[in-house]
Structure formats: structure tokens, C-alpha cells
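Just so it is clear, the structure is predicted and the values come from calculations on it, not from any experiment. What's counted below: heavy atoms across the whole structure, side chains too, no hydrogens, waters or symmetry copies.
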Amino acid sequence: MTATTADTIAAIATPPGRGAVGIVRIAGPAAAGIAAALTGACPPPRTATVAAVTDGAGRAMDKCVALFFPAPASYTGDDVVELHTHGAPVVLDQVVARAIALGARAARPGEFTERAFLNGKLDLAQAEAVADLINAGTAAAARSAANALGGALSREVNALAHALTDVRVAVEASLDFPDEAPDAETVAADVETAAAKVEALINSARQGQLLRDGMTVALAGAPNAGKSSLLNALAGRDRAIVSGEPGTTRDVVDADISVDGMPLRVADTAGLRTDAAGVEAEGVRRATKAMAGADRVLLVCDDADAGAEAPALVRRRLPADALVTLVWNKIDLSRRAAGMVDADSVAVSAKTGAGLGALRTHLKQCMGFRGAEDSPFLARRRHLDALGRCRDSLRAAGAVLANGGAVELAAEDLRLAHRALGEITGAVGSEELLGKIFAEFCVGK
């Protein structure tokens, strides 16, 4: 595919706010001419050139380092100019406004990377990895995103697609030349081998998806069970207010942490009780909403308070389909041994840290996260969905061939499997899908 580049786009490519350096990126057929109008002359290709950036009246707005990357050897495949100015927002805004006045238009979110995809500089999985690398919350996620940007996922998918092409050729040739059809058992075995390879890729992609999206945990329980203390202990900092006064937490308080490379978002919620009123009642409503959207709920109970409400009674206030781990807190007072009590129950002390390691290990096991080293690339839910459909179609085709069914049905299943793989790299796609993916990008990338 080739992008339509009749227009030239411009945007600030650095984050909002003040900084030592800010970058304005311009891409398209008029980029060189706009650079010449802004700085007096378009710089030589790939040569950093110091120049004054001027406004429409010829007055200097700033000094910059100008760079010119002629098509097609640029990030987008178009002519690209970058102007590195001082990072004052007013200066950057003025430079973009002047570029627009000279014939550019404001870039849409992700439009530079979208052009790189459309011009064949990146496939769709690599383009998504650009956004994932920018948004990586852990060093492990950044490494895996860089691997995906380098084509780790794409190479796996393309190898499967090539193997599947050979199988499809054999199957579809048999429709036209039945006398020369390959042995059905051999083809069925090839299909099964391809399905097994897809299953292995799904396992790797699932780890990559966990490394990207992580796990969401909601802390629930009666007032004063130690939920806020547990949040602070897991986060390693004072994220929530801790007080002996019941009902201190009125709103959901989040903390983003990392558990051996797996991102973990922990939400501390208001204490659950039936007599809550006013603002506290609103806090309980928000707590219920947070629990409904969590991958797992940690039901925190005060192990040192013999008169505390029974966990079974508190649990009735949780969403019916919530996956729950019971956390016996304050074992520094109750003297219970730290660690797992049973498969879905753990004893901890938020005050001393006892048992927190067991809790972290339990959370990783709940999500099936094996570790950052098992995540060779970052993956998205849509990748897993496409790979799952590919595997299911391959298994259906294999069953048809193994049981002597209609070859036409097997050929259709193989086509669907091939199409699902193409969705990952963008060999097969839609305008709606592209629009959704690139809308997630920041402006200027």
C-alpha cells in the first residue's frame, strides 16, 4: 500500500510542557519548501544545520537545529523535516502555526506512523509497537516492545503465513487436479503441525499481552481492615491515607506497580458496610464499580479482630462473578504464620511486609504470568484474538481432511486461518481497524 501524500502534515513531536528541546515534525511533499521558508534554506539531507526560525514578517522566533530526510528514506516514507527548537510551548506552537500558514495542516494522532505503515516502512504489528514502547510502564515492557518494533512478532506470523500458503496450494490444487492431489493424511499432518505452531505463538503472545496490559486488582473489605496500608505496602510508598478512623477512604485510590515485570494496577476502595450514608455511600458505589472491572478482588480481613464481620458476610457485597482472594491482614498482631493459607487465601502483614512475597507470587499465578523473560515481544488482545481464530480454523480444516470430508470445506477453513494471520501484520485489514489503532497514538508520532 502507498499513502496518499498530496498533503503535508505538521505537529509537535515532543511531550507537552517545557523542556530544554522541543521538536516540530513536518512530513509531505511541501516539507522541504516549508523548511526553506521557515529557516531560509532547506538543510542538506541528514545534516544537522543551525538556523534561525522566522515568522511571516521575517522576525526570528528562535534558533533551531534543522534536519531534512528526503523520501523514501525517512520514518514516514515522505519528505520529513524536523526542527529542534528550545522547548517553550509558545515557541513550538508558533512554529507549527507558521508551518500551517505555509501550506501544511495539523497532523492527526498517529498520522506520521500511519504513513510509515501505509508506505511499507512498518507493518501493523510494528506500528502498534511504537505506541507500546512510548507507553511502556516497566523496563521489561519496553524491551519487549522494542523487540516487537524490530519485527519479532511479525517474523513469527510471516513464517506461519508462508507455511500456510504451501498447505493451501496443495489443498486448492487438489480441487482442480484431483488425480494429482497429495495424500490427505500428509496434508492433515501439515495442518496439525501449523496449528501446534500457532498454539505455541499464542502462549508467547499471552505473556506479551500480560506484560503490556498487566493485571487490575481491587482491594475490598470492611472499614479498618487495612486496605490502604496494604496498598501502600505493595506500592512501596504512601499512596493512600492511613487512619484508625473508619471511612477514611471515600474514593478509589490507584497505584501502578510492577511485579517481576508484570504491570499491576491496585485500586484501594471504600470500606464496605451496609449503613454507609452520604459521601461514604457514594464511595461504596464506586468501590463496587472498581471491583466489577478488576481481574481479581483482594478481600482484606482483619485477622487480629475477633469481632470483625465474617468474610462470608462481606463477600456477599462483592460482584457475584468476582474472582476473589481472601487476604488475612495484621498477622503481626494475630501471630498467624505468613504465606498461603490455601489456594485462594493468604496471610500477610501490611505493617511488616510478611507474606507480601507470597501474595505477589499468587497474583502472577492467577494471571498465568511466567516472567518477563518469557515475553519475547509485546502483544495486544487483538493479536490473541486473531491467533485464536487462526488456530480454530486450522483445527477445523485438519479434522475435515483427517475424516475424509469435503476438501472445499477444508480450503475455506484454511483461507480463514490465513486471513486471521494477515490481520495481525496488516496484510488484511480495514479502515475502521486502522483508524482505531492509530487514534491511540499521541499527536506528532
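- Nearest heavy atoms, Val253 versus Leu231: O-CD2, 3.9 Å.
- A distance of 12.0 Å separates CZ of Arg370 from CG of Leu211, quoted to the nearest 0.5 Å.
- In this structure, the side chain of Asp132 does not engage the main chain of Ala145 through any donor-acceptor pair within 3.5 Å.
- For Arg25 and Tyr75, the positive end sits near the middle of the six-membered ring, less than 6.0 Å away and at most 45° from its axis.
- Atom CZ of Arg18 has 12 or fewer neighbouring heavy atoms from other residues, nucleotides or ligands inside a 6.0 Å radius.
- When atom types are taken as modelled, the side chain of Asp413 and the backbone of Ser393 share no donor-acceptor pair closer than 3.5 angstrom.
- By the 4.0 Å N-to-carboxylate-O rule, Arg115 lies too far from Asp79 to be salt-bridged with it.
- Looking at Thr425 and Phe117, their side chains never come closer than 4.5 Å, going by heavy atoms from C-beta outward.
- In this structure, His84 and Cys64 have side chains that are not in contact, with every pair of non-hydrogen atoms separated by 4.5 Å or more.
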>> Pair Ile424, Leu153 - check side-chain contact (heavy atoms from CB on, under 4.5 Å), show working.
In response: CA-CA 9 Å; Ile424 297 174; Leu153 173 58; 4.3 Å; yes
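- For the atom pair CG of Leu219 and OG1 of Thr269, the computed distance is 6.5 Å after rounding to the nearest 0.5 Å.
- Side-chain atoms of Asp385 do not come within 3.5 Å of backbone N or O of Arg381 as any donor-acceptor pair.
- Taking both residues in full, the closest heavy atoms of Pro43 and Thr47 are given as CB-O, 4.0 Å, listed atom of the first, atom of the second, then distance.
- Going from atom CD of Glu199 over to atom CG of Leu201 covers 10.0 Å, rounded to the nearest 0.5 Å.
- In terms of modelled atom types and a separation under 3.5 Å, the side chain of Glu114 and the main chain of Glu111 share no donor-acceptor contact.
- Counting heavy atoms from C-beta on, the side chains of Leu67 and Arg46 never come closer than 4.5 Å.
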> Which is it for Asp213 and Arg380 under the salt bridge (Lys or Arg N to Asp or Glu O under 4.0 Å) test, yes or no, and what are the steps along the way?
Replying inline: CA-CA 8 Å; Asp213 297 334; Arg380 297 187 171 205; over 6 Å; no
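- With salt bridges taken as basic N to acidic carboxylate O contacts below 4.0 Å, none links Asp268 and Lys227.
- Across all their heavy atoms, Leu133 and Ala146 have their closest contact at CD1-N, 4.2 Å.
- For the pair Thr8 (side chain) and Ala30 (backbone), a donor-acceptor distance under 3.5 Å is present.
- With rounding to the nearest 0.5 Å, the separation of CG in Asp295 from CG in Leu323 is 8.5 Å.
- Taking all atoms of both residues into account, the shortest heavy-atom contact from Ala127 to Phe441 is O-CZ, 3.0 Å.
- Side-chain contact check for Ile12 versus Val443: every heavy-atom pair is 4.5 Å or farther apart.
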>> The test is side-chain contact (heavy atoms from CB on, under 4.5 Å); show your working for Leu160 and Val198 and say whether it passes.
In response: CA-CA 8 Å; Leu160 285 170; Val198 173; 3.9 Å; yes
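- Side chain of Thr14 to backbone of Ile23: a donor-acceptor contact under 3.5 angstrom is found.
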> Leu298 and Val266: side-chain contact (heavy atoms from CB on, under 4.5 Å), yes or no, with the steps?
Replying inline: CA-CA 10 Å; Leu298 299 185; Val266 186; 5.9 Å; no
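- For Lys121, the NZ atom counts as densely surrounded, since its 6.0 Å shell holds more than 12 non-hydrogen atoms of other residues, nucleotides or ligands.
- Considering only heavy atoms from C-beta on, Glu412 comes within 4.5 Å of Leu416 through its side chain.
- Using a distance-only test at 3.5 Å, with no hydrogens or angles considered, no donor-acceptor pair links the side chain of Ser204 to the main chain of Ile202.
- Between Val259 and Lys364, some side-chain heavy-atom pair lies under the 4.5 Å cut-off.
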> So Val191 and Val171, side-chain contact (heavy atoms from CB on, under 4.5 Å) or not? Walk me through it.
Replying inline: CA-CA 10 Å; Val191 172; Val171 170; 5.7 Å; no
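- Electrostatic pairing of Lys330 and Asp303 does not count as a salt bridge here, judged by no charged N lying under 4.0 Å from a carboxylate O.
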> Taking it one step at a time, do Asp190 and Arg168 satisfy salt bridge (Lys or Arg N to Asp or Glu O under 4.0 Å)?
Replying inline: CA-CA 10 Å; Asp190 290 340; Arg168 288 187 66 192; over 6 Å; no
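- Two residues are said to be in side-chain contact when any heavy atoms from C-beta on lie closer than 4.5 Å; Thr85 and Val24 fail this criterion.
- The one candidate from Val348, Val300, Val341 that meets the side-chain contact (heavy atoms from CB on, under 4.5 Å) condition with Trp328 is Val341.
- Note that CD of Gln207 is 10.0 Å distant from OG of Ser144, once rounded to the nearest 0.5 Å.
- For the side-chain hydrogen bond (donor to acceptor under 3.5 Å, both in side chains) test with His383, the passing option among Glu423, Gln209, Glu128 is Glu128; the others fail.
- Across all their heavy atoms, Gly339 and Ala358 have their closest contact at CA-CB, 3.9 Å.
- Asp78 places no side-chain N or O within donor-acceptor distance of the main-chain N or O of Pro72, the cut-off being under 3.5 Å.
- Distance alone, capped at 3.5 Å, is enough to place a donor-acceptor pair between the Asp123 side chain and the Ala125 backbone.
- Between Ala104 and Ala10, the shortest heavy-atom contact is CB-CB, 4.1 Å.
- Val157 places a side-chain heavy atom less than 4.5 Å from the side chain of Leu421.
- Distance CG/Asn158 to CG/Leu164: 12.0 Å, rounded to 0.5 Å.
- No side-chain donor-acceptor contact under 3.5 Å links Arg395 to the backbone of Glu192.
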